[in-house]
Q: 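Before I ask anything, let me first share the structure, which is written out below as structure tokens.
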Amino acid sequence: MIQNILVFEFITGGGLSRQELPDSLVKEGLLMLKALVNELVFFTDIQLTITLDWRICGIELPKNIKVIKVSKEQCIYDLLPDLIEDSDSIWPIAPEIDGVLYKITQLIEQKNKQLLNSSSQAIAICGDKLATIKCLSSKGIATVASQQLNEFSQDFDSPWVVKSKDGVGCLDSYFVSDNDELVRVNKQIKCHVDYLIQPYVNGQSLSLSCLFKEGKAWLISCNIQVVSINNGAFVLERCIVNIDTENFDVYQKLIDQIADIIPGLSAYVGIDIIQPEDAQPLVLEINPRLTTSYVGINQAIGCNVAKTIIKMTEFEPVIKKTCNKQITVLTN
């Protein structure tokens with residue numbers, strides 16, 4: 001029996017058909033879309049459908065997938081209900097910005113379709129970085145101290161990090177060195193309740209690529225995020241996927257705790273942490289969706305993550321690592 005799967009990557013799939021396309025998000029979106037399609041296309045019992053923004057041209061895609069172009073005049077939210085209805089399973093890849101991932105996930109749930117992602121309940125928590133930190137820290141998970149920007153009382157010393165509570169990647173993230181710089185950043189931010197502030201913590205910037213299901217978690221790989229600062233703004237330059245780490249068991253225990261706290265996490269989840277030297281890891285945020293690191297996993301460990309997630313709808317995942325390499329994914 002043929003299973004119809006809709007893969008909807010918001011940025012490249014027409015979610016911004018009437019708005020400007022941010023170059024950095026388009027690049028990351030295409031990386032994830034191509035990686036996912038290339039893993040799914042080998043299934044003989046799957047009919048794959050994707051949507052593409054009218055400005056996305058010249059990309060190579062397998063011939064046996066259905067491509068729906070979204071024109072400048074069309075709104076993706078008018079198209080999605082019918083596309084979801086015509087599908088058996090839906091794999092959304094969308095940013096948390098403005099509740100986009102939450103809205104799309106709710107729509108899928110309302111139509112009782114197979115969701116190849118986390119639940120809207122989990123996304124409601126993880127889509128807000130400050131809510132995530134409050135949720136985890138209340139259960140004893142070590143996190144980076146955080147306050148809403150408009151409530152900041154300088155409880156922690158500079159330098160600071162100011163970022164959007166629902167931002168994706170390094171978008172709307174600023175390095176703030178002192179009070180004068182904080183005043184400048186405050187002036188350029190329109191809505192301070194949408195931002196949080198944290199102390200800048202020295203340590204390795206890492207991400208954990210994981211699978212979650214029904215309150216259980218499996219660590220696939222640990223990855224380095226190479227981040228630079230350009231004119232006060234953070235820029236993600238590349239991800240180094242599947243690094244060697246002595247803390248694998250520590251990170252597995254951490255995600256076990258997170259799975260217990262947020263049982264709605266499901267399928268692929270990326271968790272950003274700071275690893276200080278000789279100290280416990282500090283959680284920064286949880287991304288309840290595919291992340292850029294996913295792009296390098298198949299080549300790094302030889303595991304088809306998409307295939308594993310499809311099988312997870314019936315069974316617990318089995319992560320078979322047929323190789324062990326470090327793969328660099330360029331994002332900038």
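Treat the numbers as computed from the prediction; the structure is a model and nothing was measured. For reference, positions follow the sequence shown, starting with 1.
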Q: Are the aromatic ring centres of Trp160 and Tyr174 under 6.0 angstrom apart?
A: no
Q: In sequence, state the C-alpha distance, the side-chain angles, and the governing distance for Ile133 and Gln198, and then conclude on side chain to side chain contact (heavy atoms under 4.5 Å, CB included).
A: CA-CA 11 Å; Ile133 284 174; Gln198 302 169 319; 3.4 Å; yes
Q: Just list the side-chain donor-acceptor pairs under 3.5 Å for residues 299-306, sequence neighbours left out, or say none.
A:
| residue | atom | partner | partner atom | Å |
| --- | --- | --- | --- | --- |
| Asn304 | OD1 | Ala306 | N | 3.2 |
| Asn304 | OD1 | Lys307 | N | 2.8 |
| Asn304 | ND2 | Glu39 | O | 3.2 |

Q: Could you report the tightest heavy-atom contact between Glu85 and Lys111, atom names first, then the distance?
A: OE1-NZ, 3.4 Å
Q: Look at Lys165 together with Glu96 and state whether they make a salt bridge at an N to O cut-off of under 4.0 Å.
A: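 Salt bridge absent between Lys165 and Glu96.
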Q: Using a 4.5 Å cut-off on heavy atoms from C-beta on, say whether the side chain of Ile93 contacts that of Leu101.
A: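 Of all side-chain heavy-atom pairs linking Ile93 with Leu101, none is under 4.5 Å.
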Q: A side-chain contact here means heavy atoms from C-beta on lying under 4.5 Å apart; do Val295 and Leu290 qualify?
A: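 No, too far: nothing below the 4.5 Å cut-off.
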Q: What I'd like to find out is whether the side chain of Lys34 reaches to under 4.5 Å of the side chain of Ile59, using heavy atoms alone.
A: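 Yes - at least one pair of side-chain heavy atoms lies under 4.5 Å apart.
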Q: With Glu316, which residues qualify under salt bridge (Lys or Arg N to Asp or Glu O under 4.0 Å), at least two apart?
A: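 Once residues adjacent in sequence are excluded, the partners of Glu316 under the salt bridge (Lys or Arg N to Asp or Glu O under 4.0 Å) criterion are Lys216.
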Q: Mind checking whether Lys129 and Asp166 have side chains closer than 4.5 Å, heavy atoms only?
A: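 Side-chain contact under 4.5 Å: no.
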Q: Under a 4.5 Å cut-off applied to non-hydrogen side-chain atoms, are Ile258 and Cys210 in contact?
A: no
Q: With sequence neighbours left out, which residue pairs that include part of residues 16-26 fulfil the salt bridge (charged side-chain N to carboxylate O under 4.0 Å, His left out) condition?
A: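 Every candidate salt bridge (charged side-chain N to carboxylate O under 4.0 Å, His left out) pair involving residues 16-26 fails, so no pair, neighbours aside, qualifies.
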Q: Give the cluster check for Tyr102 versus Val100: same hydrophobic cluster or not, with ILVMFWY residues linked at side-chain heavy-atom distances below 4.5 Å.
A: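 Different clusters.
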Q: Is Leu36 linked to Val329 within one hydrophobic cluster, defined over Ile, Leu, Val, Met, Phe, Trp and Tyr using a side-chain heavy-atom separation of less than 4.5 Å?
A: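 Yes, Leu36 and Val329 fall within the same hydrophobic cluster.
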Q: Looking at side-chain heavy atoms only, is the closest gap between Asn179 and Gln154 below 4.5 Å?
A: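 Asn179 vs Gln154: side chains touch.
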Q: Are Ile125 and Val283 joined in one hydrophobic group, where the rule is that I, L, V, M, F, W and Y side chains link up if heavy atoms are under 4.5 Å apart?
A: yes
Q: Report yes if the side chains of Ile141 and Leu254 come closer than 4.5 Å at any heavy-atom pair, otherwise no.
A: yes
Q: Taking Tyr77 as the starting point, is it possible to reach Leu52 by hopping between hydrophobic residues whose side chains are less than 4.5 Å apart?
A: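 Yes, it is one cluster - the side chains of Leu52 and Tyr77 are joined through contacts under 4.5 Å.
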Q: Start with the C-alpha distance between Tyr268 and Tyr294, add both sets of side-chain angles, then the distance that settles side chain to side chain contact (heavy atoms under 4.5 Å, CB included), and finish with yes or no.
A: CA-CA 9 Å; Tyr268 183 97; Tyr294 161 77; 3.8 Å; yes
Q: Take Tyr251 and Ile271, measure what side chain to side chain contact (heavy atoms under 4.5 Å, CB included) needs, and give me the verdict at the end.
A: CA-CA 10 Å; Tyr251 300 150; Ile271 300 175; over 6 Å; no
Q: Indicate, with yes or no, if Leu116 and Ile286 share a hydrophobic cluster defined by side-chain heavy-atom contacts under 4.5 Å among Ile, Leu, Val, Met, Phe, Trp and Tyr.
A: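 Different clusters.
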Q: Got a second to check how far Leu30's CG is from Glu28's CD, nearest 0.5 Å?
A: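 It comes to 10.5 Å.
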Q: Are side-chain heavy atoms of Val37 and Ile65 found at a separation under 4.5 Å?
A: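 Sidechains of Ile65 and Val37: in contact.
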